[in-house]
Number of protein chains: 2
Amino acid sequence: MIHLIHRSPEEQQYLSSYEPSAFDRPSVTVDVVILTLREGHLEALLVKRKEHPYLNYWSLPGGFVQPHESLDEAAARVLRQKAGLEGMVGMERESPHKHPVYLEQLYTFGDPKRDPRMRVISVAYYALVEASHIREAGEEIALFKLRTPEGASSVEIFDSKNKKYSLAFDHAEILGVALRRIRGKLSYTPIGFELLPERFTLRQLQAVHETILQKKLNKDSFRRKMLASGMLEATGALERGLGRPAELYRFRREV
Amino acid sequence: MIHLIHRSPEEQQYLSSYEPSAFDRPSVTVDVVILTLREGHLEALLVKRKEHPYLNYWSLPGGFVQPHESLDEAAARVLRQKAGLEGMVGMERESPHKHPVYLEQLYTFGDPKRDPRMRVISVAYYALVEASHIREAGEEIALFKLRTPEGASSVEIFDSKNKKYSLAFDHAEILGVALRRIRGKLSYTPIGFELLPERFTLRQLQAVHETILQKKLNKDSFRRKMLASGMLEATGALERGLGRPAELYRFRREV
DNA sequence: GAGTATATATCCAAAGTGCATATAAATCAA
DNA sequence: TTGATTTATATGCACTTTGGATATATACTC
């Protein structure tokens with residue numbers, strides 16, 4: 001959306017002689033909160049640091065923004081390189097790539113002391129990923145359960161054996177902002193289906209919302225609200241299980 | 001919220017020998033969308049550029065993030081230096097300073113080509129300011145009316161004579177994001193009183209919401225909703241005018 | 001004091017929500 | 001095959017919320 005403007009010779013002269021190193025520049029990174037749902041728990045994908053500072057601490061996958069890539073591109077690259085996922089900002093999931101996931105900018109963190117090495121400003125993103133698309137990699141990359149203590153702004157993480165860990169940098173704070181964002185978003189968008197397969201039952205969608213919001217929802221009014229929103233469309237197919245089969249719905253992305 | 005961790009001698013050695021110039025670093029600026037309400041119009045404070053590129057174009061007030069200040073501090077500084085306003089992130093308006101205003105981070109813009117000189121990443125903020133606190137400064141700083149064309153994502157600006165101008169850089173886009181943010185926020189927060197004096201009538205608050213949302217609201221249900229929210233408190237004082245005097249309310253910031 | 005303007009209170013119908021109950025369609029066990 | 005069980009879907013109803021109309025209160029102007 002940059003305006004194309006005519007540049008006078010004077011301006012071109014100015015631009016070509018411009019010396020950018022006049023300012024102290026911070027480093028800029030992107031960190032990506034990758035959220036998924038497993039066994040009724042909201043979990044985040046974390047990577048173990050192999051460098052100082054916070055050596056061996058678990059941290060959000062991230063990386064420096066490269067000179068010629070946009071912030072969105074940097075976030076998508078981190079998603080691809082660290083988690084093997086194709087991310088697309090703005091939930092356009094119908095691309096031909098393997099597993100495009102919902103990706104959205106979250107907030108930018110710039111406390112001067114958030115990294116002891118130097119000034120690092122981090123543009124945080126969050127992604128919603130269907131659990132089956134995530135591959136954990138042993139000691140390097142793993143999913144952690146999230147818990148938000150009452151009234152606290154940051155988040156606690158637990159591994160599969162329910163052992164609690166501390167996060168590197170201000171990443172617990174970033175996770176807290178991500179959880180508050182997605183919870184707020186649920187009140188006006190059924191964003192939950194980003195965590196489900198393409199076709200899903202209303203029950204599954206409700207379970208997703210309940211897990212994220214940490215509270216029970218009324219089944220009937222949830223059904224009515226979802227169907228009335230016009231954002232779901234019945235596929236005709238049925239999900240079989242114990243009891244009457246349930247209609248499978250899909251999100252209407254074209255609207 | 002940085003974790004205090006014990007640093008081993010090995011780690012301290014690493015930190016002191018760390019050479020940060022290994023990466024190409026972008027410049028980082030903050031740009032502040034300063035919104036106010038005048039004569040039933042939503043307006044933004046803009047400054048005329050005195051340098052290339054976009055010489056003599058109107059632009060958002062902004063500045064480079066300094067090495068030792070946080071992003072919030074940089075935004076507050078821009079507000080102070082360019083508009084003479086005291087900004088406080090998180091709407092804590094009861095500070096003893098002259099005119100603390102609502103200030104909140106908006107979004108971060110990082111297209112590699114958004115500035116023709118070099119890579120500049122801009123962390124945008126928006127501020128809500130009571131019109132009486134804004135001083136325009138002739139040819140340098142002025143308020144512009146905002147208009148969002150149907151379906152467009154960016155914003156058009158008009159001066160007091162209704163002459164239309166083009167904005168520098170991607171600032172029209174930034175204004176568009178700011179307007180969408182504040183409109184969305186109105187649905188769950190009566191943020192409108194940030195644009196009013198400390199004490200105001202329900203009518204005034206409704207007028208603010210109507211101006212921002214560009215649509216008429218139902219008077220009675222607006223009253224009920226506002227009073228039921230528990231966020232307003234009657235002051236006992238009355239606003240006199242033509243007709244029956246109206247109760248003056250104030251926002252309950254302590255809640 | 002009459003007329004006007006605006007704020008506040010009351011009333012009612014329409015829509016939305018939480019909850020209870022009824023019905024439908026599958027599985028499972030005899 | 002039949003009936004109990006399980007889950008999905010449909011229906012009914014009380015309660016709340018909302019939009020809209022109307023009535024009343026309190027100021028102003030003439």
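Basis for what follows: all heavy atoms, side chains included, without hydrogens, waters or symmetry-related copies. What you see is a predicted model; the values in this text were computed from it and never measured. To find a chain, count down the sequence lines: A is the first, B the second, and so on, and within it residues start at 1.
- Using a 4.0 Å heavy-atom cutoff across all strands shown, B/Lys219 reaches at least one base atom of the nucleic acid.
- For the pair A/Leu205 CG and D/dT7 P, the interatomic distance rounds to 19 Å; values are reported in whole Å.
- Proximity of a side-chain donor or acceptor of A/Thr235 to a complementary backbone N or O of A/Leu248 within less than 3.5 Å is detected.
- Contact check, B/Arg203 against C/dT6: no side-chain N or O comes under 4.0 Å of OP1 or OP2.
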Item to complete: At under 4.0 Å between heavy atoms, which parts of nucleotides 14-26 of chain D does protein reach? Answer with one letter per nucleotide, 5' to 3': B base, S sugar-phosphate only, - none.
Response: ----BBBB---BB
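- A distance-only check finds a donor-acceptor pair linking the side chain of B/Lys82 to the backbone of B/Gly62 [under 3.5 Å].
- For the pairing with B/Leu128, the side-chain contact (heavy atoms from CB on, under 4.5 Å) check across B/Leu195, B/Val208, B/Ile212, B/Leu37 returns one residue only, B/Leu195.
- A side-chain contact (heavy atoms from CB on, under 4.5 Å) with A/Lys145 is found for exactly one of A/Asp159, A/Leu42, A/Asn162, namely A/Asn162.
- In this structure, A/Arg223 does not reach the D/dA8 phosphate: none of its side-chain N or O atoms is under 4.0 Å from OP1 or OP2.
- As a whole-Å value, the separation of B/Glu247 CD from D/dA27 P is 12 Å.
- For A/Phe144 and A/Tyr165, the gap between ring centers is short of 6.0 Å.
- Between the P atom of C/dT6 and the CG atom of B/Leu202 lies a distance of 16 Å, rounded to the nearest Å.
- Of the possible polar contacts, one joining the A/Ser229 side chain to the A/Met231 backbone as a donor-acceptor pair under 3.5 Å is found.
- Direction of the helix axis in the helix from C/dG1-D/dC30 to C/dA30-D/dT1 shifts by 0° between the two five-pair termini, rounded to 10°.
- Under a 4.0 Å N-O distance rule, the pair B/Glu43/B/Arg38 qualifies as a salt bridge.
- The interatomic distance linking A/Leu227 (CG) with C/dT17 (P) rounds to 13 Å, in whole Å.
- Judged purely by atom type and a 3.5 angstrom limit, A/Thr36 uses its side chain to pair as donor or acceptor with the backbone of A/Val129.
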